[in-house]
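Just so you know, ligand 1 is whichever comes first in the structure, and atom 1 is the first atom listed for that ligand. Note that the numbering runs from 1 along the sequence shown for the chain. FYI, side chains are in, hydrogens and waters are out, and symmetry mates aren't considered; it's all heavy atoms of this structure.
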Amino acid sequence: MAKRLVLITGASAGIGTEFARQYAARGWDLALTARRADRLEALAKELKADAEVEILIIPKDLGEDGAVDAILKEISDAGRQVDGIVNNAGYGLAGTFFNTSWDDQAAFLQVLFTAPCELVHKALPGMKARNYGRIVNVASLAGYTPGSNGHTLYAPVKSAMIKFSESVHAEAEAMDADIHCTALCPGFTWTEFHDVNGTREMTKESPDWLWMEAQPVVEAGIEAVTRGQPVCVPGPVNKGLAALSRVLPEPIGRAVMKAQSKRFRKTDTA
Ligand SMILES: NC(=O)c1ccc[n+]([C@@H]2O[C@H](COP(=O)([O-])OP(=O)(O)OC[C@H]3O[C@@H](n4cnc5c(N)ncnc54)[C@H](OP(=O)(O)O)[C@@H]3O)[C@@H](O)[C@H]2O)c1
């Protein structure tokens, strides 16, 4: 019998690469996608040296029309089915809503929200027919915090990913299907994320205890989806911040965000 296969988006760096390592170590086959094919090839080579794992490399830009259909077609053309999804690809769009173009905002929504929802929607019928599915949507602690000056749609999209995951999980539960869906909500994590969005220098000011390595973040996510927990906030500091955001009166939360966001939100894109 073929092993389970998990499709991981944004597998060429950071949290996605770590998901690939940990799922391979747990005996899953992988379908890896991102734009940088060379990174995916190198990762596949590394993982195949360590474990007996079948790996499909599917280089794609999730911002392009038809990307999700093309990825799913490559998997089915290879004679495989999607048993797991890690919707992880993402980035932060620096700047304000006032000084960024609609094209950039639309591409952001496509990559971080529309494509992940489309992937889940199109994989669910197969998962339902086989009565098995494990879906991780990489959201963020930002999904709990008030909106900030700059990076305008990031918090709303991550908040939506949390609600989306809870709903898919609840729908599967109501059908009594063995399909789990989990929103993984990391806080600051050491990856390329802050290099890509140009905030590395700013975030260097933040204390080390706010940061986690990708390894425990991903481990928490895989354990949560395995046991069927709809939302997972990894690490005690992030758990504390998420709890605080729920009890803090909204005006105070907004004031804290206003004061602190200058340290990690870039508002000029020049
Ligand atoms: N790092 C943090 O502090 C942090 C905190 C909370 C949540 N997160 C979330 O964690 C997820 C992973 O981020 P990361 O921290 O691992 O960042 P990262 O190291 O920069 O990795 C981002 C991944 O997304 C892929 N990607 C970006 N745009 C893409 C596109 N248009 N099409 C396809 N793939 C694309 C990149 O691959 P290519 O460039 O090769 O396409 C890369 O593999 C994101 O959803 C992010 O919002 C991160």
Ligand-residue contact atoms, ligand 1 with Phe188, heavy atoms, under 4.0 Å: 3 (O)
Can you find a non-hydrogen atom of Glu64 under 4.0 Å from ligand 1? no
Backbone N or O of Asn137 within a donor-acceptor pair of the Asn87 side chain at under 3.5 Å? no
Tell me whether the guanidinium CZ or amine NZ of Arg21 lies under 6.0 angstrom from the six-membered ring centre of Tyr23 and within 45° of its axis. no
4.0 Å heavy-atom contact, Trp211 with ligand 1: no
Tell me the protein heavy atom at minimum distance from atom 6 (C) of ligand 1, and give that distance in Å. Pro186 O, 3.3 Å
Test side chain to side chain donor-acceptor pair (under 3.5 Å) on Thr100 and Gln105 and set out the steps. CA-CA 7 Å; Thr100 45; Gln105 296 292 345; 2.8 Å; yes
I'd like to know if the side chain of Arg130 and the backbone of Gly126 have a donor-acceptor N/O pair within less than 3.5 Å. yes
Candidate pair Asp103 and Ser101, rule side chain to side chain donor-acceptor pair (under 3.5 Å), full reasoning: CA-CA 5 Å; Asp103 282 355; Ser101 71; 5.4 Å; no
On a heavy-atom basis, which atom in Lys60 and which in Ala70 lie closest, and how many Å separate them? CE-CB, 3.3 Å
Between Val111 and ligand 1, find which residue part has any heavy-atom pair under 4.0 Å and reply side chain, backbone, both or neither. side chain
In the protein, what heavy atom is nearest to atom 3 (O) of ligand 1, and what distance, to one decimal place, separates them? Thr189 N, 2.9 Å
Going by the atom numbers of ligand 1, which of them fall below 4.0 Å from some non-hydrogen atom of Tyr91? 28 (N)
Can you list the residues that meet the salt bridge (Lys or Arg N to Asp or Glu O under 4.0 Å) rule with Asp69, with sequence neighbours excluded? Lys122
Of all protein heavy atoms, the one nearest atom 11 (C) of ligand 1 is Asn88 O, 3.1 Å
Would Leu62 count as being in polar contact with ligand 1, using the rule that some N or O on each side must be under 3.5 angstrom apart? yes
Can you pull out the closest protein heavy atom to atom 36 (C) of ligand 1? Residue, atom name and distance to 0.1 Å, please. Ser12 OG, 3.8 Å
Distance from atom 39 (O) of ligand 1 to nearest protein heavy atom, with residue and atom: Arg35 NH2, 3.0 Å
Charged N-O contact under 4.0 Å between Asp50 and Lys45: no
The reported gap from CG in Leu119 to OG1 in Thr33 (rounded to nearest 0.5 angstrom) is 9.0 Å
Could you list the atoms of ligand 1 found under 4.0 angstrom from a heavy atom of Lys60? 32 (N), 33 (C)
With the threshold set at under 4.0 angstrom, would you say Lys158 reaches ligand 1 through any of its heavy atoms? yes
Ligand-side contact atoms (ligand 1) for residue partner Ser140, heavy atom cut-off under 4.0 Å: 6 (C), 7 (C)
Check this for me: does any side-chain nitrogen of one of Asp29 and Arg80 sit under 4.0 Å from a carboxylate oxygen of the other? yes
Shortest non-hydrogen separation from Leu112 to Met161 and the atoms involved: O-SD, 4.0 Å
State the atoms of ligand 1, each with its element, that fall below the 4.0 Å cut-off from a heavy-atom position in Asp61. 30 (C), 31 (N), 32 (N)
Backbone or side chain, does any N or O of Gly10 fall under 3.5 Å from an N or O of ligand 1? yes
Classify the ring geometry between Phe108 and Tyr91 as parallel (under 30°), tilted (30 to 60°) or perpendicular (over 60°). perpendicular
Ligand 1 contacted by Ala67 (non-hydrogen, < 4.0 Å): no
For atom 17 (O) of ligand 1, which candidate among Phe193, Phe19, Phe108 holds the nearest heavy atom? Phe193
Among all protein heavy atoms, pick out the one at the shortest distance from atom 19 (O) of ligand 1; state its residue, atom name and that distance to 0.1 Å. Glu192 N, 3.1 Å
Taking N or O atoms only and a 3.5 Å limit, does Gly16 qualify as a polar contact for ligand 1? no
With distance as the sole test, does Gln229 use its side chain to make a donor-acceptor pair with the main-chain N or O of Val231 at under 3.5 Å? yes
What distance separates Phe193 CZ from Arg200 CZ, expressed to the nearest 0.5 Å? 10.0 Å
Checking side-chain hydrogen bond (donor to acceptor under 3.5 Å, both in side chains) against Gln260, which of Arg263, Lys262, Lys258 comes through? Arg263
Which ligand 1 atoms are under 4.0 Å away from a heavy-atom of Gly14? 16 (O), 19 (O)
Can you find an N or O of Leu112 that's nearer than 3.5 Å to an N or O of ligand 1? no
Parallel, tilted or perpendicular: which fits the ring planes of Phe188 and Phe264, with parallel below 30° and perpendicular above 60°? perpendicular
shortest atom 5 (C) of ligand 1-to-protein heavy-atom contact is with Gly187 O, 3.1 Å
Considering heavy atoms of the protein only, find what lies nearest to atom 34 (N) of ligand 1 and give residue, atom and distance to 0.1 Å. Ala89 CB, 3.7 Å
Classify the contact between Tyr154 and ligand 1 as side chain, backbone, both or neither, using a heavy-atom distance cut-off of under 4.0 Å. side chain
By number and element, which atoms of ligand 1 are closer than 4.0 Å to a non-hydrogen atom of Val138? 9 (C), 10 (O), 11 (C)
Measure Ala139 to ligand 1 on non-hydrogen atoms and call it side chain, backbone, both or neither using the 4.0 Å cut-off. backbone
